[in-house]
Amino acid sequence: MKNKTDEPSAKDKSTVLSCLIGLVIISPLPHGGETDWEFYLLSFIIFILLASCFYQATKTKIDLWHEIKDIRIPLIILLIWLLYNLLYIVPLSYNTINNLSPNTLGLKGLIIDTATNVTNYDYLSISRFNSLIEINKSLSYLGLFVLSCFLLNTNKRIKLVVLSMFLTSSLIGLYSIINFYTDGSISINETLTPLGVEDWSIRIRGLFSYHAHYATFIIITIPFGVAIIHDNFTKIFGKTKTSTKNILIFIVSENIVLVSGCVILFVVLLKTSSRGGVISLLLSLLITLAFLLLINKKTSHKALKALGYSIPLLILIMITFFSGFADSILKRFTDDGLNPHGREHNVISIQKIITDYPIFGTGSGTYSNIQNIYKLSESNSIARTKQVHARNDYLQLLSEQGIIGFLLLGTAITLLFTRVMKGLKSVNNKLYSTQVACHISLVAMFIHALFDSSFQLPVNSFYFFIILAIGVKATYLSKVDGLR
């Protein structure tokens with residue numbers, strides 16, 4: 001008898017689900033939501049899909065609360081975090097602002113006597129406009145996460161979205177490698193940030209402006225290609241002896257496309273010359289393996305078996321390095337080592353912002369408004385004039401939203417990630433490889449956020465919240481299967 005989580009039904013043909021997959025495919029185009037019009041379009045689609053989902057649920061009397069009640073605590077915390085962000089854009093009296101954040105009025109040039117000007121109003125954010133934009137982004141990300149939790153309620157749906165993410169990333173990788181070897185002959189977009197490099201022969205940047213943003217996109221999608229290949233390999237060879245027929249079946253099927261996609265993405269990652277991207281992926285692999293070895297004996301056995309499967313991957317890595325494909329990243333490490341390139345000045349400057357605005361910060365999305373005021377005079381040109389983001393997402397969040405916003409968002413994400421980690425204990429469920437891939441992807445992005453502005457490109461945040469939803473729902477589905 002089939003499990004309910006595997007039964008194909010009319011729901012799998014849901015228009016909303018198809019649109020979500022469409023959103024996964026189009027969201028990297030043409031700059032990953034970097035321009036205002038791109039983001040507003042993607043945001044509009046998310047809200048329309050969420051409204052359609054509620055409408056269909058009302059019409060068919062489906063209980064959507066059932067899909068998210070398992071994560072109600074982190075969702076409540078995220079809602080509180082959104083309400084907290086609204087504090088930045090509501091009018092407050094000078095007295096209130098001065099009490100909450102004493103340096104805000106001075107920064108705006110509003111040096112006044114708060115004792116006699118109690119009826120005048122301003123905003124806690126140093127840029128209400130930028131905070132409005134950032135709140136819209138936060139609403140979009142949360143809306144996408146909730147939408148994904150509603151829709152990804154079967155194994156089949158999860159596998160469809162996972163496949164869509166990986167194939168989209170692979171196509172962008174193919175586009176990038178062609179541009180690299182043809183000097184951008186089919187390039188369809190230009191860089192939008194001074195940190196971007198137009199010359200494709202120097203650094204591959206995919207469809208985005210900044211190579212490090214593209215490296216983040218690769219490291220959070222490539223694990224899913226490996227997961228799909230692993231599942232297909234197990235399906236063909238798991239219950240029968242290895243034979244020439246099985247090998248041919250594996251090679252001539254769609255697996256050759258998946259393997260090619262993984263190879264392309266790995267080569268492209270090296271060609272981005274992103275030291276942080278490569279280090280983050282390797283560390284996430286090691287951390288995930290260590291966690292699998294720790295949790296229980298069954299998982300440890302499976303982890304060791306997976307380590308055995310990784311031998312061909314290690315051989316591929318060696319061939320890649322010795323064949324010249326890794327020359328770009330090797331040259332970067334040889335020439336620069338772990339040189340932070342102005343990040344150390346950035347850290348010092350942002351620490352000053354945090355010191356001046358410790359509790360409430362300067363307002364969501366306002367780092368670009370305040371950064372040059374706090375830049376060190378001796379900072380190099382890159383650190384002083386080119387960075388609109390902190391190149392450390394945690395410090396930027398802390399400077400913009402203060403300790404309160406940082407703790408609220410951090411607590412919610414930690415609770416959700418803990419759910420993903422719990423799913424790795426269920427070694428026999430059909431989504432186990434996908435859950436391992438989710439863990440690797442999320443950890444890789446958490447690490448890369450220490451070195452760069454990984455979450456500042458909307459498409460990276462879109463994929464992050466979809467992956468987080470996949471991890472959470474896969475854990476729930478494995479728990480349901482275990483009770484049957």
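Everything numeric in this text was worked out from a predicted model, so none of it was measured.
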Show, in sequence, the C-alpha distance, side-chain angles and deciding distance for Phe180 and Tyr175, and conclude whether the ring-ring contact (aromatic ring centres under 6.0 Å, His included) test is met.
CA-CA 9 Å; Phe180 178 79; Tyr175 159 83; over 10 Å; no

CG/Leu20 to CZ/Phe150 distance, rounded to the nearest 0.5 angstrom?
13.0 Å

Of all residues at least two apart in sequence or in a different chain, which pass the ring pair (Phe, Tyr, Trp, His ring centres under 6.0 Å) check with Tyr463?
Phe217

Output side-chain donor-acceptor pairs under 3.5 Å for residues 412-424, partner residues at least two apart or in another chain, one line each.
from   : atom 1 : to     : atom 2 : distance (Å)
Thr414 : OG1    : Gly410 : O      : 2.6
Thr418 : OG1    : Thr414 : O      : 2.7
Arg419 : NH2    : Asp70  : OD2    : 2.4

Quick one: pull up CD1 in Ile353 and CD1 in Ile348 and give me the separation to the nearest 0.5 Å.
12.5 Å

In Å and rounded to the nearest 0.5 Å, what is the OG to OH distance from Ser125 to Tyr88?
8.0 Å

Once rounded to the nearest 0.5 Å, what's the spacing between atom CG of Leu167 and atom CD1 of Ile25?
8.5 Å

Can you label the angle between the Phe462 ring and the Tyr141 ring as parallel, tilted or perpendicular, going by 30° and 60°?
perpendicular

Heavy-atom count check: over 12 atoms from other residues, nucleotides or ligands less than 6.0 Å from Tyr394 OH?
yes

Do Ser274 and His211 have a side chain donor and acceptor closer than 3.5 Å?
no

Is there a side-chain contact (heavy atoms from CB on, under 4.5 Å) between Asn179 and Ile204 once you walk through the steps?
CA-CA 8 Å; Asn179 276 314; Ile204 285 180; over 6 Å; no

Can you find a heavy atom in the side chain of Leu457 that is under 4.5 Å from one in the side chain of Thr216?
no

Which value, rounded to the nearest 0.5 Å, describes the distance between Phe224 atom CZ and Leu265 atom CG?
13.0 Å

Separation between CD1 of Ile220 and OG of Ser284, rounded to the nearest 0.5 Å:
11.5 Å

Shortest non-hydrogen contact between Ser140 and Phe39, atoms and distance
OG-CZ, 3.7 Å

Least distance between heavy atoms, Glu34 atom then Ser209 atom:
OE1-OG, 2.9 Å

Aromatic ring centroids of His439 and Phe291 under 6.0 Å?
yes

Side-chain heavy atoms of Tyr432 within contact of Asp231, under 4.5 Å
no

Phe44 CZ: over 12 foreign heavy atoms closer than 6.0 Å
no

Using the side-chain contact (heavy atoms from CB on, under 4.5 Å) rule, take Asn153 and Tyr476 through it: C-alpha gap first, then chi angles, then the decisive distance, then the call.
CA-CA 9 Å; Asn153 54 3; Tyr476 172 75; over 6 Å; no

Ile264 vs Val268 side-chain heavy atoms within contact, under 4.5 Å
yes

Under the criterion side-chain contact (heavy atoms from CB on, under 4.5 Å), which of Ile71, Ile467, Leu477 is the partner of Val472?
Ile71

Is the CG atom of Leu286 crowded by more than 12 outside heavy atoms at less than 6.0 Å?
yes

Polar contact flag, side-chain donor to acceptor under 3.5 angstrom, Ser399-Gln396
no

Can you find a heavy atom in the side chain of Asn136 that is under 4.5 Å from one in the side chain of Ser43?
yes

